[in-house]
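Heads up: numbering here begins at 1 and tracks the sequence. Just so it is clear, the values below take in all heavy atoms, side chains as well, and ignore hydrogens, waters and symmetry mates.
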Amino acid sequence: MQKELEKTYNPREIEGRLYEKWMNKKYFHAKVDKNKKPFTIVIPPPNITGRLHMGHALDETMQDILIRFKRMQGYEALWLPGTDHASISTEVKVINQLKSEGIDKAELGREGFLKRTWEWKKEYGGAIVEQLKKLGSSCDWDRERFTLDEGCSRAVEEVFIKLYEKGYIYKGSRIVNWCPVCKTSISDAEVEHEEQAGHFWHIKYPVAGEEGRFVEIATTRPETLLGDTAVAVHPEDERYQDLIGKMVILPIVNKEIPVVADAYVDREFGTGVVKITPAHDPNDFEVGKRHNLPEINIMNDDATINEKGGKYAGLDRYEARKQIVAELDSLGLLVKTEDHVHNVGTHDRCSTTVEPMIKQQWFVKMDELIKPAVEAVKSGEIKLIPERMQKTYFNWTDNIRDWCISRQLWWGHRIPAYYCDKCGEIVVALASEKPEVCPKCGHSHMCQDEDTLDTWFSSALWPFSTLGWPEKTEELEYFYPTNVLVTGYDIIFFWVIRMVFSGYEHMGKKPFDTVLFHGLVRDSQGRKMSKSLGNGIDPLEIIDEFGADALRFTLITGNAPGNDMRFYMERVEASRNFANKVWNASRFIMMNLDKADAKQENFTQADKWILSKVNTLIKDVTDNMESYELGIAAQKIYDFIWEEFCDWYIEMVKPRLYNDEDETKGAALWTLKKVLIDSLKLLHPYMPFITEEIFCTLQEEEESIMISQWPIYKEEDSFQEDEEAVETIKAAVKGIRNVRAEMNVPPSKKATVIVVSEDERVRNIFENSRVFFATLGYAGEVQIQADKTGVAEDAVSTVIHGATIYMPFAELVDVAKEIERLTKEKTRLEGELKRSNGMLNNERFISKAPAEKVQEEKEKLQKYTNMLNQVEERLANLKK
């Protein structure tokens, strides 16, 4: 007895139950199996502070589609999950929690603070993992990793020490992004550039020894002039040749600084003279190095002016700016103030404007490390999809700067560097080998560096640290290099490139074969989803209302690699409707399977047509998925299931299912089941829950669709002639339906259909398909003939390739009733036209009504005029 599906599709009822089944059966768990080929994806680790948002949902859906596809293809598919400790955002969360309890971080001390942070992580840090499960993510949760777990921490220490010993890691003073609120350096990844309204202040710097002569500079940050150590001009700028090597007087500070020549200056921009503040601007820092200029940091860590700012010491940077501008004005040195909109870097965690500042920090020297990462993409050893991402990739590698890796935080990997209190000697060592005495002076008090490492330092090692490195584990040997990395294009620099050079440096191999980039999920207006706009959509709410399958399918259809997508609720509803269509069609098939024995014999043209169609679909979808064209594959599956299978084939076979005498009924049932199973398998990576429920109800041979075999294209299942034959019938049916629709003929009204074709092959096609052609073409009788003999002169027709289809006019329309109906419609339209003309000829209406109301009335007049013309034409034809 065939099992049946529930009457209605209810994702809430099935999704949790099925996910628990998969987990209990360990379907997601990958093992080292030398008899199988591995396929590995490492998850871009979400922050432990995070909640699932639409970007995550897209990212994880794409990975899950690939891993489910490869698992079904017979690969030992590992999708390795984990989370990132997220230094800054986690520390901010815990500090805020402490503040609510009246506790100060400093009073708690480092150890006490870390204890509280681990407690916070235990209580709140796993929320996103549970949310990923609701999406259907088939990660190997037995292998879940955390960037601060023991294994990852060991890997971080090993890498730091190795790079330090090779001279790639050093401590020095360079410009960093400094957050005055979080009081730490931050990476480029954590700086968001936003347009802000500001000003250009034009300031005169007096030329020393030449009274009355000035150079004019323009700046957006006048407070930094307190740290100026030169002004610069382009070496070939004829206006300033005589100034090069002279001195100018720095306003307010009243000290002389040199005029230097440097090609960095843009002659066309502003006045062609720029102030140089090496301690507060990355470009100025490089100019300063070239000209051996002093570096004067004029700010404290909280962005107040320090003692080097003289009378401005202690003022906030913006208050100092205000007072400095006022003083310049009073001295007659402020030329003008211009409004200016410019990009300003803000910290993505606290929205504070970032201050470029020179700091003693730890850096990674990048010039040598980056070379293999450049060559890998140039040679094609690592493939970027879409290919245009190479431009962004090389733009970053070509302009690489040394990487600031130290952070003034407590939560994270503490830098494994120890300092001698007496002589300042630095010793870099594993925590387990912490030096007790200074190797240089023998002093017995060594202190560890207070700073932690940039979060990206540990995630750069993710593809191999998660597999057990630095130990030579069998997992590392089997699953590394990984196959594909799926990530948003917005972190190409910060994470992808760092993983690439880290893989080559520490493993001697690339970390992955392919990087598949996706875009951002935007709202229906194309805006980035954000808290400030209040336009974010919670994926969990969508899952709760429509199901995970509907959300996943919405995110992937119409989505091309690297492109942003707009999220419309209407598309979610359409995906849910598709799920309902699949469910109802499957339920219909199951309800009919007991009517006869399914047999692989007596196939009709229709059976061969759909078998050939699904066979081609298997080939196309497999090719698309191998090429990472996931959106294209999804659309092909959708079109086939909805149109070819449900709207055409199922309708074609209904007469055979309801006819106990039909000897082809068994073939129809076998074909229905076979095509449904193949379709479900192709759809499974996209919509895992509904396909699992239907598959397990439909058959009992296999316990789960996710470990069933992916369908394979077979040349012998390609029936080209039968495909062409059924496409001919479909064209005829579409033509008949169009004619009937134009004539407003209801489906219940049957009419004789006469197929006229000189081509015997075409006539045979219709002869072999009478049973369903009659049903789909609303035919009371089907006549097939070689010429027009007996066809009434008033018969309406539709032309297809190789044949003309006729239908007697009188059988489609009751002429007397139609004339009566059209006469009433003519009277109604004439009334509408009279009313509309009356309004438009009324000067009072034209002068006083809103313009859009007048326009609306003009459009109505045009519409009613067109409709009346059509009605009169129909009436004239009928009366003939």
Side-chain angles (χ1 to χ4, degrees), residues 524 568-571 573-574 577 639 642-643 647-648 651 730-756 773-781 788 791-801 803-880:
S524 57
Y568 298 93
M569 289 307 299
E570 295 84 353
R571 289 187 57 220
E573 288 169 11
N577 294 343
D639 291 343
W642 190 293
E643 295 174 24
D647 285 357
W648 284 101
E651 294 304 313
K730 280 173 64 185
V733 168
K734 286 176 184 174
I736 291 168
R737 288 176 176 176
N738 287 341
V739 168
R740 291 173 64 104
E742 286 168 12
M743 296 176 69
N744 296 315
V745 182
S748 57
K749 191 169 183 66
K750 305 294 183 186
T752 301
V753 172
I754 305 160
V755 180
V756 175
F773 177 62
T775 311
L776 299 176
Y778 313 119
E781 182 189 349
K788 280 183 69 176
V791 177
E793 280 189 27
D794 66 349
V796 293
S797 65
T798 180
V799 179
I800 62 167
H801 181 64
T804 304
I805 318 296
Y806 294 95
M807 288 168 285
F809 182 83
E811 291 187 27
L812 293 173
V813 180
D814 183 322
V815 178
K817 279 188 178 178
E818 186 66 0
I819 287 174
E820 184 184 343
R821 185 186 72 79
L822 288 171
T823 303
K824 285 179 183 175
E825 179 68 0
K826 180 185 175 188
T827 304
R828 183 185 75 81
L829 290 169
E830 285 171 342
E832 290 289 355
L833 282 169
K834 187 178 178 183
R835 181 198 60 77
S836 195
N837 274 315
M839 290 181 75
L840 292 170
N841 290 327
N842 185 333
E843 286 185 21
R844 197 170 165 193
F845 171 74
I846 295 294
S847 60
K848 292 197 172 180
E852 56 268 23
K853 180 68 181 168
V854 175
Q855 182 59 33
E856 184 185 328
E857 205 54 52
K858 286 179 179 176
E859 287 169 4
K860 280 183 183 178
L861 180 69
Q862 185 62 51
K863 181 179 79 170
Y864 294 138
T865 302
N866 292 341
M867 288 171 71
L868 182 62
N869 289 338
Q870 288 172 12
V871 167
E872 286 176 336
E873 187 182 337
R874 288 285 303 280
L875 274 170
N877 288 333
L878 286 171
K879 286 173 180 176
K880 282 180 187 175

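In this structure, the side chains of L812 and R740 come closer than 4.5 Å at one or more pairs of heavy atoms. Counting heavy atoms from C-beta on, the side chains of L861 and L833 come closer than 4.5 Å. Side-chain contact between T775 and E651: absent, with no pair of heavy atoms (C-beta onward) separated by less than 4.5 Å. The side-chain heavy atoms of K788 and I754, taken from C-beta on, include no pair separated by under 4.5 Å. F773 has its side chain within reach of V753: a pair of non-hydrogen atoms, C-beta onward, lies under 4.5 Å apart.
Electrostatic pairing of K824 and E820 counts as a salt bridge here, judged by a charged N lying under 4.0 Å from a carboxylate O.
For the residue pair E573 / N577, no side-chain donor-acceptor distance below 3.5 Å is found, with atom types taken as modelled.
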Assess the residue pair K730 and L776 against the criterion (side chain to side chain contact (heavy atoms under 4.5 Å, CB included)); give the C-alpha distance rounded to whole Å, side-chain angles, the decisive distance to 0.1 Å, and a yes or no. CA-CA 9 Å; K730 280 173 64 185; L776 299 176; over 6 Å; no

Start with the C-alpha gap between Q855 and E859, add the side-chain angles, then the distance that decides, and say whether side chain to side chain contact (heavy atoms under 4.5 Å, CB included) holds. CA-CA 6 Å; Q855 182 59 33; E859 287 169 4; 3.4 Å; yes

Candidate pair E873 and N869, rule side chain to side chain donor-acceptor pair (under 3.5 Å), full reasoning: CA-CA 6 Å; E873 187 182 337; N869 289 338; over 6 Å; no

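With T798 as reference, V739 is the one residue of V739, T804, V733 to meet the side chain to side chain contact (heavy atoms under 4.5 Å, CB included) rule.
Here the CG-NZ distance, from N842 to K848, works out to 10.5 Å after rounding to the nearest 0.5 Å. The CZ atom of R828 sits 6.5 Å away from atom OH of Y864, with the distance rounded to the nearest 0.5 Å. Within the model, atoms CZ of R835 and CD of E857 stand 4.5 Å from one another, a figure rounded to the nearest 0.5 Å. For the atom pair K749 NZ and M743 CE, the distance stands at 10.5 Å (nearest 0.5 Å). Distance check, rounded to the nearest 0.5 Å: CD of E856 to CE of M839 gives 9.0 Å. Atom OG of residue S524 and atom CD of residue E570 lie 7.5 Å apart, to the nearest 0.5 angstrom.
Taking each heavy atom of K826 and L875 in turn, the nearest pair found is CD-CD1, 4.2 Å. Closest approach of K750 to P747, counting heavy atoms only: NZ-O, 4.1 Å. Between A803 and V755 the shortest heavy-atom distance is CB-CG1, 4.4 Å.
With hydrogens and angles ignored, the 3.5 Å screen pairs no side-chain donor or acceptor of S836 with any backbone N or O of E832.
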